[in-house]
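Below, chain A is the first sequence line, B the second, and so on; all start at residue 1. Here the structure is a predicted model, which means the values were calculated and not measured.
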Amino acid sequence: MTVKNGIKKEVHLCHEHAIDAGIDLPEHQPISKLLAQVTVSHAKSRSRSEQRRCPECGFSFAEFRKSGTLGCPECFNTLEKPLTTLIERAQNGATHHTGKTPKRAGVSLDRQLIIQKLVKDLDCAVSAEQYERAATIRDQIHTLEIITPPDDRN
Amino acid sequence: MELNYHGPWTESDAPHSDVIMSCRARVARNIAGFPFVNKASERQLQEILNISRQVLLGGGISEGMFWIDLPQATARDRHLLVERHLISKHHAASNLRRGVAISGDEALSIMVNEEDHLRMQILAPGLRLSHVHRLIDEVDDAVEKSVDYAFSPRWGYLTACPTNVGTGIRFSVMMHLPALKITNEIDRVRRAAKDLHLAVRGYYGEGSESAGDFYQISNQITLGRTEDELRMELEEAILPRIIDYELKARKILIERSCSLLDDRTHRALGILRSARLLGTEEAMKLLSRVRLGVHLERLKNVDLEKVNRLFLQIQPAHLKLHIGREMDSDELRAARADIVRQTMNQG
C-alpha cells in the first residue's frame with residue numbers, strides 16, 4: 001500500500017510479481033514448515049513445564065497426567081501454569097476461589113495483608129522523612145508479628 | 001462393627017421422597033504440612049490417621065462417633081459400608097492405611113486417607129440439601145479448630161485431584177427415575193445434566209451402573225462459586241425440573257399406558273412375593289417397579305418404608321450379615337428371595 005499526495009493506493013500482487021516489482025519480502029516459508037515450528041516450540045515448552053518437579057514432593061506434571069492426582073499442596077505453585085489451563089477447562093472458566101475460607105487461614109491471610117500494607121506505608125513514611133510516623137508503623141508491624149506468629153494454632 | 005442390618009435414612013415421608021431417595025453433601029479436605037495420600041509414606045499416612053482419629057473421636061464433632069480401621073475390617077464389613085454409602089468402593093478396595101469415622105446415627109461419615117486426607121459427608125433422606133449443607137459446614141468448622149487445612153487464597157481448599165479445588169464440596173442426590181427410564185427419556189436428562197456441568201452416576205457412585213433406576217446427580221463445578229450458590233442452583237433451579245420431568249412422565253404413563261404400567265408393577269410384585277431365587281440386579285429392578293406402583297397408587301397395601309429398606313437389605317454384604325455366615329452366589333440368591341418374599345407378603 002502506498003500513499004501519494006494524500007491518495008491511498010493498494011495493489012495486490014502474487015509472490016513472483018512482487019519480486020519483479022522490486023518489493024522487499026520476508027523469505028517465504030511453506031505453511032507446513034511454519035506449523036512444524038509452532039508445534040515444536042509448543043511441545044518444547046510443554047515438555048519443559050511437564051518435566052518441572054515440585055521442590056516439596058518431587059512430583060512432575062507428566063506424573064500427574066498418569067495418576068490424575070497431585071503430590072502435595074505445593075504442586076499447585078510449582079505446576080501452576082499447566083494446572084491453570086486444566087482447572088479452567090474443568091471449572092467452566094473459573095480461576096479463583098470465592099467460597100468458604102478456613103477461619104484460621106482467614107485470620108492468617110488478613111494478618112499477612114495488613115502487614116504487607118504496613119510495610120508499604122513504612123517505606124512511604126521513610127521516603128517522606130516522616131520518622132515519627134515510621135516508628136509507629138514499625139511498632140505496629142512488630143506487634144502483629146509477635147502477638148500472632150504465623151504458626152500460632154489458636 | 002456397630003452397624004445393624006436394618007440401616008438408617010429410609011424415611012418414606014422425607015421431602016420429595018417419591019423421586020429423591022437421599023441427598024448428600026461432601027467436602028474434601030487435606031491437612032497442611034503433609035503430602036497428598038498417593039505421595040505420602042506409610043509413616044505419614046499413619047500420622048494422618050492418628051491425628052484424624054484423635055480429632056474425630058475426641059468429642060465435639062457428632063454424637064456417638066465410632067471408628068473402623070479398614071485394613072483390620074473383614075471384606076464383608078468393608079462391602080457393608082459401601083452398600084450403606086458410608087465409604088466409597090475405592091476406599092474399600094485400597095490397600096493403604098485408612099479408616100472411617102461414623103456418627104451414631106450414620107448420618108455423618110468421614111473417610112480418612114481416601115483420595116484426600118479427609119472426605120466428610122452428611123447423608124439424609126429425601127431432598128434436604130440446605131440441612132446437609134449446614135451440618136457438614138458445622139463438622140468442617142469443628143474439625144478445623146484442631147487441624148490446619150491445606151488452603152490457598154487463589155485455589156481455595158487444595159485437593160489431590162485439582163478438579164476438586166475451590167470449595168471442595170459436592171452436593172449429590174440419589175434420584176429414582178423409573179418413568180423416565182420406561183419412556184426412554186433418561187438419555188435426555190443425562191445430556192441436559194452434562195450441559196449443566198453435572199455428573200450422572202449409578203447407584204454406587206463413580207463407575208457404577210444405574211441399578212433399580214437410581215441415578216446419582218452431583219455438581220462438578222467446585223471453583224469460582226460459593227457453596228450456597230452451588231447448592232441453590234442444584235436445589236432450586238435444576239432438581240425441581242428433573243423432579244417435574246419424572247412426575248410428568250409418570251402421569252403420561254397412567255394416562256396413555258395404564259395397562260402396561262399396571263402389568264409391570266403387579267407382575268413385579270407377584271415375582272417378589274413368590275420367587276425362590278433372586279439376583280441383586282433383578283431384585284432392584286422389580287423393587288423399583290413396585291416403588292413406582294406404590295407412589296402412583298396403582299399398588300395398594302404395600303409398605304413403602306419396607307420396600308425402601310429392601311433396596312439395602314438385599315445387597316450381598318447385608319444378606320451375609322443377616323444370615324450370619326459367608327455364602328456363595330446361589331445361596332445368596334436363595335437368601336435374597338427368602339427375605340424379599342417374607343417382607344413383601346407381610347404387606
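Using modelled atom types, no side-chain atom of B:R225 and backbone atom of A:H97 make a donor-acceptor pair closer than 3.5 Å.
Heavy-atom distances place the side chain of A:S67, and not its backbone, under 4.5 Å from chain B. In this structure, chain A has heavy atoms under 4.5 Å from both the backbone and the side chain of B:D141. Within the 4.5 angstrom heavy-atom criterion, only backbone atoms of B:Q220 (N, CA, C, O) approach chain A.
Heavy-atom pairs under 4.5 Å with chain B were tallied for A:I87, A:L86, A:N77, A:L83; the largest tally goes to A:I87. Counting heavy-atom pairs under 4.5 Å between each of A:A90, A:C75, A:A94, A:C72 and chain B puts A:C72 at the top. Chain B forms more heavy-atom pairs under 4.5 Å with one residue of A:G71, A:C54, A:C57, A:G68 than with any other, namely A:G71.
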Derivation and outcome, side-chain contact (heavy atoms from CB on, under 4.5 Å), residues B:R154 and A:T84: CA-CA 11 Å; B:R154 178 184 178 180; A:T84 302; 3.6 Å; yes
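For NE2 of B:H79, the number of neighbouring non-hydrogen atoms (other residues, nucleotides, ligands) closer than 6.0 Å is 12 at most. Heavy-atom neighbours of A:E80 CD from other residues, nucleotides or ligands within 6.0 Å: above the threshold of 12.
Residue-level contacts of residues 155-163 of chain B with chain A, in order of numbering, are B:W155, B:G156, B:Y157, B:L158, B:T159, B:A160, B:C161, B:P162, B:T163; threshold 4.5 Å between heavy atoms. Using a 4.5 Å cut-off between non-hydrogen atoms, no part of residues 232-245 of chain B approaches chain A. For residues 30-47 of chain B, the interface with chain A (any heavy-atom pair closer than 4.5 Å) comprises B:F34, B:P35, B:F36, B:N38, B:K39, sorted by residue number.
Using modelled atom types, one finds a donor on one side chain and an acceptor on the other under 3.5 Å when comparing A:Q91 with B:T222.
None of B:I169, B:T226, B:D137 except one satisfies the side chain to side chain contact (heavy atoms under 4.5 Å, CB included) rule with A:K100; the exception is B:D137.
The side-chain hydrogen bond (donor to acceptor under 3.5 Å, both in side chains) search around B:T167 returns none, not counting sequence neighbours.
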